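Notes to accompany the following structure.
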Amino acid sequence: MDIVFHGKNAQTFFSNFESLLEDDHTIKLLPDTLESEEDIACYAGADVIVGVKHDSSLPTLTKTKLFHVPGAGYDGLDLSLLPSTTTVCNCFGHEQAIVEYIISALLLRHVPLADADKKLRHGDWEYWAGGASGLRTELSSESIGIIGFGHIGKELASRAHAFGMDVSIANRSIVEASSQIKKYYAFDDLSSMLKDVDIVVNTLPLSKDTEGFIGQKEFKDMKRSAVFVNVGRGRVVDEKALFDALNESRIASAVIDTWYVYPADSESNPLPASLPFHELDNVIMTPHMSGWTHGTVKRRQLTMARNINKLSKGDGDLVNIVST
């Protein structure tokens with residue numbers, strides 16, 4: 001089969017990928033912008049495309065059997081432009097890394113390792129056990145509310161429970177109570193969960209149903225001491241509502257990893273929002289890095305290779321199908 005890795009994002013998954021394939025294939029690496037006739041023809045005639053984008057700016061696909069997104073989000077694809085014979089699949093494998101990121105960010109509020117190290121290097125024993133000044137809080141003292149119970153939500157619930165936190169879930173479909181989950185809330189009753197928990201984590205993907213799902217009302221419902229974490233898509237959260245909630249101290253703080261403005265190419269370095277989040281002192285800003293680990297890349301490579309191997313053998317039982 002003719003396989004194309006389209007764009008720099010997709011090509012980060014190419015190293016050693018051929019060793020995972022069971023049959024011989026022709027593999028081409030194409031740039032994000034297709035200019036030469038050869039590149040255009042190669043893209044248009046590919047049997048399999050690994051990429052994160054397909055829209056009217058790209059050549060019309062003629063025989064593509066599989067369009068494999070090397071990540072979870074497929075909002076960069078205009079599905080209406082794909083051939084009716086194309087199956088679209090995505091990848092997960094990022095949930096372990098993202099949950100480690102979330103727990104690390106939350107632990108920073110309770111375990112002041114950097115400050116203790118800095119002080120002790122100057123002979124300051126502020127955090128010495130036995131002294132009242134060094135007493136700190138514990139993550140287990142806080143409750144967490146997770147919006148969405150997909151791959152990330154399930155992994156986070158398990159890890160948060162292991163830390164002794166009370167875990168609540170807000171989800172479209174019913175989530176049964178268990179030893180890990182204290183309470184389930186329907187989306188229609190999201191307000192009740194937001195009023196009850198100390199930490200709110202959004203894990204929802206972006207769709208027409210979730211864009212702007214968390215807005216002014218939702219931030220008003222949260223405790224003034226609440227911490228908001230966004231590792232779902234940026235635009236699931238209304239940008240102005242989030243900024244205002246932080247700027248006016250209607251919530252205590254936020255950890256934001258997914259944004260509203262992204263670099264157009266490797267040479268551009270825009271600020272990640274139209275509003276000045278970078279001027280706020282109650283937000284931790286990171287550049288959509290929470291799931292980006294060696295483990296994530298390897299797990300996604302295995303998913304894509306498994307699907308390509310199945311397709312090559314005429315086995316239609318692919319995993320992570322989002323559209324056929």
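Values below: all heavy atoms of this structure, side chains included; hydrogens, waters and symmetry mates excluded. What you see is a predicted model; the values in this text were computed from it and never measured.
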Check: For the side chain of Ser19 and the backbone of Asn16, is there at least one donor-acceptor N/O pair under 3.5 Å apart?
Finding: yes
Note to self: Measuring only between side-chain heavy atoms, which start at C-beta, is Ile199 closer than 4.5 Å to Arg109?
What the structure shows: yes
Next item on the list: Could you tell me whether the side chain of Phe228 reaches within less than 4.5 Å of the side chain of Ile214, counting heavy atoms only?
Entry: yes
Notebook entry, point to check: Within a reach of under 6.0 Å around NZ of Lys63, are more than 12 heavy atoms found that belong to other residues, nucleotides or ligands?
Noted result: yes
Notebook entry, point to check: Do the side chains of Val255 and Leu139 join up, straight or via other hydrophobic residues, at under 4.5 Å, putting them in one cluster?
Noted result: yes
Note to self: Is it the case that the side chains of Thr137 and His110 hold a donor-acceptor pair, with the cut-off being a distance below 3.5 Å and no angle test?
What the structure shows: yes
Next item on the list: Take Val197 and Val200 through the test side chain to side chain contact (heavy atoms under 4.5 Å, CB included) and record every step on the way to the result.
Entry: CA-CA 7 Å; Val197 299; Val200 179; 3.8 Å; yes
Item checked: Non-hydrogen atoms of Asn90 and Gly71 that approach each other most closely -> CB-O, 3.2 Å
Notebook entry, point to check: Given the rule in the ring pair (Phe, Tyr, Trp, His ring centres under 6.0 Å) test, do Tyr184 and Phe149 qualify, once you have shown the distances and angles that lead to the verdict?
Noted result: CA-CA 10 Å; Tyr184 155 76; Phe149 200 57; 9.1 Å; no
Next item on the list: Using only heavy-atom distances, determine whether the side chains of Ser312 and Glu22 contain a donor-acceptor pair under 3.5 Å.
Entry: no
Item checked: Short side-chain donor-acceptor distance under 3.5 Å, Tyr74 and His54 -> no
Next item on the list: For residues Ile152 and Val99, report the shortest heavy-atom separation together with the two atoms involved.
Entry: O-CG2, 3.9 Å
Check: Do Glu239 side-chain atoms and Ser274 backbone N/O form a donor-acceptor pair below 3.5 Å?
Finding: yes
Next item on the list: State, to 0.1 Å, how close Val167 and Ile169 come at their nearest heavy-atom pair, and which atoms those are.
Entry: CG1-CD1, 4.1 Å
Check: Are Leu21 and Ile3 side-chain neighbours, meaning at least one heavy-atom pair lies under 4.5 Å?
Finding: yes
Notebook entry, point to check: Any side-chain heavy-atom pair from Thr286 and Tyr101 closer than 4.5 angstrom?
Noted result: yes
Item checked: Backbone of Ser56 reached by a side-chain donor or acceptor of Asp78 within 3.5 Å -> no
Margin query: Assess the residue pair Ser207 and Asp209 against the criterion (side-chain hydrogen bond (donor to acceptor under 3.5 Å, both in side chains)); give the C-alpha distance rounded to whole Å, side-chain angles, the decisive distance to 0.1 Å, and a yes or no.
Written below: CA-CA 5 Å; Ser207 70; Asp209 296 322; 4.6 Å; no
Notebook entry, point to check: Take atom CD1 in Ile174; do more than 12 heavy atoms of anything else shown fall under 6.0 Å from it?
Noted result: no
Margin query: With a 4.0 Å cut-off on N to O distance, would you call Lys183 and Asp166 a salt bridge?
Written below: no
Item checked: For Asp75, the option from Lys208, Lys53, Arg233 that meets salt bridge (Lys or Arg N to Asp or Glu O under 4.0 Å) -> Arg233
Notebook entry, point to check: Which heavy-atom pair separates Pro272 from Met285 by the least distance, and what is that distance?
Noted result: CG-CE, 3.6 Å
Check: Okay, side chain of Ser178, backbone of Gln180: is any donor-acceptor separation there less than 3.5 Å?
Finding: yes
Note to self: Other residues, nucleotides and ligands only: do more than 12 of their heavy atoms fall within 6.0 Å of CG on Asp24?
What the structure shows: no
Checklist line | Residues Asp124, Lys119: salt bridge by 4.0 Å N-O rule | finding: no
Notebook entry, point to check: Just by modelled atom types, is the Asn9 backbone N or O under 3.5 Å from a matching donor or acceptor in the Thr12 side chain?
Noted result: yes
Next item on the list: Check the pair Asp39 / Lys28 against salt bridge (Lys or Arg N to Asp or Glu O under 4.0 Å), numbers first and verdict last.
Entry: CA-CA 9 Å; Asp39 286 352; Lys28 296 287 187 180; over 6 Å; no
Next item on the list: Take Glu100 and Gln96 through the side chain to side chain contact (heavy atoms under 4.5 Å, CB included) test and state the conclusion after the steps.
Entry: CA-CA 6 Å; Glu100 287 184 2; Gln96 178 175 325; 3.8 Å; yes
Note to self: Are Val236 and Leu242 linked, directly or through intermediate hydrophobic residues, by side-chain heavy-atom contacts shorter than 4.5 Å (ILVMFWY only)?
What the structure shows: yes
Margin query: According to a hydrophobic-cluster definition based on side-chain heavy atoms being under 4.5 Å apart (Ile, Leu, Val, Met, Phe, Trp, Tyr only), do Met289 and Val201 belong together?
Written below: yes
Note to self: Do Phe219 and Leu246 make a side-chain contact, defined as non-hydrogen atoms from C-beta onward lying under 4.5 Å apart?
What the structure shows: no
Notebook entry, point to check: Backbone N or O of Pro276 within a donor-acceptor pair of the Glu279 side chain at under 3.5 Å?
Noted result: no
Note to self: Is it true that, when you exclude Arg235 itself, more than 12 heavy atoms of the residues, nucleotides or ligands shown sit nearer than 6.0 Å to its CZ?
What the structure shows: no
Checklist line | Hydrophobic cluster membership, Leu61 vs Val50, 4.5 Å side-chain cutoff | finding: no
Notebook entry, point to check: Just by distance, with hydrogens left out, do Ser191 and Tyr185 show a side-chain donor and acceptor under 3.5 Å apart?
Noted result: no
Check: Side chains of Glu142 and Met165: does their closest heavy-atom pair fall under 4.5 Å?
Finding: yes
Note to self: If we ignore hydrogens and angles and just use 3.5 Å, is the side chain of Trp292 paired with the main-chain N or O of Ala97 as donor and acceptor?
What the structure shows: no
Next item on the list: Answer with yes or no whether the hydrophobic clustering places Val227 together with Val237; edges join I, L, V, M, F, W, Y residues whose side-chain heavy atoms lie under 4.5 Å apart.
Entry: no
Note to self: Between Lys223 and Asp198, does the salt bridge (Lys or Arg N to Asp or Glu O under 4.0 Å) criterion hold? Intermediate values first, please.
What the structure shows: CA-CA 7 Å; Lys223 298 178 179 180; Asp198 301 307; 2.9 Å; yes
Item checked: Thr303 (side chain) donor-acceptor with Cys91 (main chain) under 3.5 angstrom -> no
Check: When you check the side-chain N and O atoms of Ser57 and Asp55, is any donor under 3.5 Å from an acceptor?
Finding: yes
Note to self: Quick check against the 3.5 Å criterion: does Thr293 have a side-chain atom that pairs as donor or acceptor with the backbone of Thr296?
What the structure shows: yes
Notebook entry, point to check: Do Phe17 and Phe5 have ring centres separated by under 6.0 Å?
Noted result: yes
Notebook entry, point to check: Do we see a donor-acceptor contact under 3.5 Å between the side chains of Asp2 and His25?
Noted result: no
Checklist line | Atom CD of Gln11: over 12 foreign heavy atoms under 6.0 Å | finding: yes
Margin query: Contact between Phe67 and Leu82 at the side-chain level, heavy atoms closer than 4.5 Å - yes or no?
Written below: yes
Margin query: With side chain to side chain contact (heavy atoms under 4.5 Å, CB included) as the criterion, how do Arg224 and Arg250 come out once you've worked through the C-alpha distance, each side chain's angles and the decisive distance to 0.1 Å?
Written below: CA-CA 5 Å; Arg224 294 190 72 88; Arg250 285 190 270 117; 4.2 Å; yes
Notebook entry, point to check: Counting only N and O atoms by type, is there a donor-acceptor contact under 3.5 Å from the side chain of Thr203 to the main-chain atoms of Ile147?
Noted result: yes
Notebook entry, point to check: Is there a side chain to side chain contact (heavy atoms under 4.5 Å, CB included) between Phe92 and His94 once you walk through the steps?
Noted result: CA-CA 5 Å; Phe92 296 97; His94 58 317; 3.6 Å; yes
